Amino acid sequence: MNSYDLRQGVVCPLLVLLISCFSEVNAEEANDAKLGPRSGDLYREYHWHAAGDKQWRITDGLATEKFEAARSHLPNATLPLVIDDLEHAIRAELQLDRWGGHRGTINKRVRFNGGQWITIPEISTASKSIRPEQLMFQDNPIVAVPLADLHEGANVFEGDCDESGGFGWGQWGLYAATLRVYFDPSQKGERGLGGRITSPANGQTIGEDPVVAVEAGAKMGVSRVDVLAAYEGFDTDGDGDFGGYHGATFQLVDGQPAVLRHHVGTIERMPYRLVWNTRWVPDQPAHSIALVARICDSRGYWRVTEPVTGLSLDRPHVAVKMYRPIGVPEDFSVRVGETKSCTFEIPKEVELSRARDAVMHLRTWHGWDAHHDPIRVNEYELPIGGNNHRYDDDLLQIPTEQLVAGTNQFAISSSTEHHMLEVLWPGPTLAVRFDVPERQESAGDVEIKTTQYEGRPHYRVATPAATYFVDANSGGLSRMIDSEGRDWIGFKREPWDQYPSSAASAFRGMPNLLFGDKESGFGHPGFDRGMTALTGSVQLTAVSESGNWKIVYDFDAAGVMINIKTKVDQPYWFLYEGPPAGRFAPERQGFVSDQGVSERAYDYVKGDRKGGRWSFVEVVDRDANRKLRIEHVTADQADDQYSHLGNARSGNESPDGMVVVGFGRGLEGIDPQLVGDHRFRVELVETSSSALSP
C-alpha cells in the first residue's frame with residue numbers, strides 16, 4: 001500500500017521513516033527505508049508513460065543468447081523526463097507502474113542520466129518457499145533517486161535487469177513512472193497551499209458510504225484533491241500487503257498517462273466533498289481507520305494534510321467479510337493444457353443463507369478470454385474479462401449459492417500456445433456481504449434499533465410515548481410517531497428544496513439546526529452533514545463534519561432531552577417543522593405558550609406569522625388526544641416564531657403542509673438568533689381535552 005507518515009498515532013504496516021535523500025546518500029541504503037509522501041510534505045510530480053511495445057519492455061541483454069526474438073526489444077529505450085524545478089529540493093524518489101515480467105527476472109533497476117543504478121526492491125513474501133522472481137505481479141514500488149543524478153531541463157532514465165532460474169529471457173515491464181521532487185517548505189514557501197480533512201473528525205464513527213469533506217486552499221488555485229484511506233482490505237497495489245493506505249496507479253490505455261485508482265476518490269472542484277464507497281470495505285476493528293488528503297495547486301505542487309485517525313466503521317445491517325487466498329502457487333500462470341488453483345476458506349459456522357452478495361477481486365496479466373478457458377469458483381464458470389498482453393483489475397460477481405461453508409476452490413486453465421494467463425500476486429480475494437439482524441440497546445421502556453427510512457440509515461427509538469427516527473448522517477429527527485401511528489414530522493425526500501411544495505416533504509424535521517453556511521443541513525434529515533452514534537443505552541450523539549456541533553439525544557419513557565453543543569459563536573435556530581397529529585389542518589390546529597393561547601391559523605406563505613419569546617410551546621390538534629410540547633430549558637432572549645406553511649401558493653388552503661415552530665428564529669428572513677449551548681425537552685403529551693388550553 002502507499003505510505004504516509006501517521007504521526008497522529010494510527011498503527012500502519014508501512015509507516016514512513018524520515019529520510020533526506022541528498023546526492024551523497026547511497027541509493028541502496030536509502031531504499032531500505034519506506035518512501036512516499038508524508039504529512040506536511042511539499043513536492044512536485046513529473047510523469048512519464050509508455051507509448052508502444054518498445055518503450056515499456058525492459059530486457060536483459062543476454063536474452064539474445066537463447067532467443068533471437070529478444071533482439072527486437074534491445075537496446076532498452078532511453079526514456080525522456082523534463083524537470084523544471086529543483087530549487088530548494090531536499091530529496092527525490094521514483095514510483096513505478098511495474099509488471100513483474102518473465103519468470104527468473106532479477107536485479108530490476110533504473111538510473112537517471114547515466115548515473116548510478118538504483119535497484120528496485122522485489123515483492124516481499126511471508127513464505128521463504130516463494131521466490132519473488134518467480135511470482136506474477138504488478139505493483140507500484142518506490143525508490144530513492146540521488147539528487148546529484150538530476151538536473152533542471154531535459155533528463156533521461158533507463159531500465160535494465162538480469163536473469164536467473166527462469167527460462168533464459170529476463171524481461172520486466174515499465175508502463176509509467178512518477179518522479180517526486182520534495183522541497184524544503186521553509187525555503188521554498190508553501191505558495192498558500194494546504195488544508196485539512198474537516199469531516200469526519202479523529203475518533204468518529206462513520207457509516208456506509210460516508211461523506212468526506214476537505215478544506216483546501218492555494219494562492220495559485222486548487223486543481224485537485226486526492227483522498228486515501230488506511231484499513232485492512234484487498235491488496236489493490238499488488239505488493240502483498242493488505243493493510244496501509246489504499247491506492248494504486250497503472251496505465252489503463254497504451255500511450256496514455258497512468259491513473260490513480262482504488263483510493264477514496266478525487267475532487268476537482270468546490271465544494272471539496274465526496275462520498276467514500278465502502279460497499280466492499282471489510283469490517284474493521286474499532287478505531288483502526290485513517291484518512292489523509294493530498295492537495296495539488298494549479299502549478300502542480302502538492303501538500304499532504306495531517307491524517308484523521310481512530311475512525312470506526314459501523315454498518316448496522318451489514319457485515320462484509322474478506323477471505324484471502326490460500327495456497328497461491330509461486331508461478332500462478334497457465335498455458336498449453338495447464339490447470340492451477342488456490343482456495344478460500346469460509347468458516348463452517350458462517351451462515352451463508354445470510355449472504356446477500358459476493359465478489360472476487362481478480363488482478364491478471366494477459367487474462368484475455370480469447371486465449372483462455374473460463375475461470376472457475378467451485379463448479380461455477382465465468383469469463384476472466386482481462387486484456388490482451390496487458391494488466392487488468394476486475395471485480396467479478398459470484399452467486400452466493402455457488403459458495404460453501406468450508407473450502408472453496410478457485411481454478412484457472414488454458415490450452416493456448418500464446419502468452420500464458422497470469423493471476424497476479426497475492427492472488428484472487430473473495431468478499432461477501434451478509435445481512436445482519438438488527439442490533440438493539442434498551443433500558444427499561446426505551447429501545448434503540450438501527451433501521452432504514454427513505455433510503456437512508458436511521459436509528460429507531462421506541463418509547464411508550466412515541467417512536468422517534470434519527471437520520472444517522474445528519475442527526476435530525478425525521479419521524480415522531482405517536483401510539484396511534486400518526487407521524488408528527490413525516491419527512492420525505494421528494495420534492496426536495498422547492499418552495500413551498502417541500503413543506504409536504506423535505507422541509508420537515510427537527511431541530512433543523514443550521515442553515516445558510518458551509519455546514520447547512522446539520523440536524524436536518526436528508527442531509528449528509530455529520531455522523532450519529534449510539535453513545536449510551538438510551539443516548540444518541542450526532543457530530544457535525546467540522547466537529548464544531550453536537551446534538552445529544554437522551555431518551556426516556558416520556559420524551560427526549562435534546563442538548564445542542566457548539567464550539568463556535570455562529571447563530572442557529574431550533575425548529576419543529578411537521579404536520580401536527582400527522583395532518584395539515586390549520587383551522588383545527590393552534591398553539592399554547594407561556595404567553596397565552598393562540599387559536600388563529602397563521603399563514604406563512606402570506607407573510608402572516610406569530611412572534612414572541614417563549615419558554616415552551618405546545619402544538620395542538622383539536623381532534624387528537626395528545627399534543628406536542630417543546631420546552632426551551634435554557635433561558636434566552638432570542639425571538640421565536642409560529643405559523644402554518646402550506647405546500648402551495650394558496651397558503652393555508654393547500655392540500656398539505658406543516659407547522660413551523662422556531663425557537664431563536666426571527667420573523668423577517670433568515671434570522672437565526674441562538675448562540676452557545678442550549679437544551680430542549682420534547683414530549684408528546686396525552687390530553688383528555690380537545691380544546692386549546694394553557
Side-chain angles (χ1 to χ4, degrees), residues 2-4 16 19-28 30-31 33-38 41-51 55-56 58 76-99 108-121 139-160 172-185 188 191 193 223-224 226 237 239 247-251 255-260 294-304:
N2 291 317
S3 302
Y4 286 83
V16 180
I19 69 166
S20 296
C21 184
F22 296 101
S23 58
E24 66 271 16
V25 175
N26 179 275
E28 291 185 3
N31 285 330
K34 301 300 184 184
L35 303 172
R38 304 188 289 264
D41 276 341
L42 176 67
Y43 64 94
R44 185 82 181 270
E45 291 186 339
Y46 301 94
H47 301 280
W48 171 87
H49 56 272
Q55 280 195 331
W56 74 267
I58 297 176
N76 290 313
T78 300
L79 310 171
L81 190 69
V82 175
I83 303 172
D84 63 8
D85 187 5
L86 288 172
E87 185 179 15
H88 304 304
I90 57 174
R91 63 186 177 98
E93 65 189 24
L94 186 71
Q95 179 171 313
L96 302 96
D97 176 11
R98 173 177 66 168
W99 171 53
K108 302 176 182 75
R109 56 194 184 270
V110 294
R111 66 177 178 180
F112 280 82
N113 300 315
Q116 61 179 300
W117 285 105
I118 305 167
T119 301
I120 304 168
D139 68 344
N140 296 142
I142 304 175
V143 294
V145 177
L147 284 174
D149 290 351
L150 305 175
H151 52 256
E152 291 188 357
N155 293 254
V156 295
F157 70 104
E158 58 189 319
D160 205 347
W172 61 285
L174 179 59
Y175 288 109
T178 297
L179 180 74
R180 294 193 188 97
V181 177
Y182 293 85
F183 302 97
D184 181 350
K188 193 72 172 179
R191 301 175 178 268
L193 175 60
S223 64
R224 69 181 277 174
D226 292 335
D237 62 359
D239 62 2
T249 63
F250 66 87
Q251 187 187 45
Q256 297 295 314
V259 296
L260 175 64
R294 59 182 194 179
I295 302 165
C296 185
D297 72 10
S298 61
R299 295 179 61 182
Y301 291 88
W302 291 85
R303 204 71 192 264
V304 183

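Computed from a prediction, not measured in an experiment: that's the story for all the values here.
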Decide yes or no for [X] and [Y]: does some side-chain heavy atom of the first lie under 4.5 Å from some side-chain heavy atom of the second?
| X | Y | answer |
| --- | --- | --- |
| Phe112 | Leu94 | yes |
| Leu174 | Ile58 | yes |
| Phe157 | Pro80 | no |

Taking [Y]'s backbone N and O only, do any of them form a donor-acceptor pair with [X]'s side chain (distance below 3.5 Å, no angle check)?
| X | Y | value |
| --- | --- | --- |
| Glu93 | Val143 | no |
| Asp41 | Arg38 | yes |
| Thr249 | Leu260 | no |
| Gln251 | Gln256 | yes |
| Asn113 | Val156 | yes |
| Asn140 | Leu96 | yes |

Passes side chain to side chain contact (heavy atoms under 4.5 Å, CB included), Arg303 versus Arg294? Steps please. CA-CA 6 Å; Arg303 204 71 192 264; Arg294 59 182 194 179; over 6 Å; no

When rounded to the nearest 0.5 Å, the distance separating CH2 of Trp99 from CH2 of Trp56 is 4.5 Å

Pair Arg44 + Asp84, salt bridge at N-O below 4.0 Å: yes

Looking at Arg224 and Asp297, does any basic side-chain N land under 4.0 Å from a carboxylate oxygen? no

Checking side-chain hydrogen bond (donor to acceptor under 3.5 Å, both in side chains) between Asp160 and each of Arg111, Lys108, Arg109, which is the one that passes? Arg109

All heavy atoms of Ala92 vs all of Leu150, minimum pair found to be CB-CD1, 3.8 Å

Side chain to side chain donor-acceptor pair (under 3.5 Å) involving Asp184 - partner list, sequence neighbours excluded: Ser186

Parallel, tilted or perpendicular: rings of Trp302 and Tyr43 (30°, 60°): parallel

Is it the case that the side chains of Tyr46 and Asn155 hold a donor-acceptor pair, with the cut-off being a distance below 3.5 Å and no angle test? no

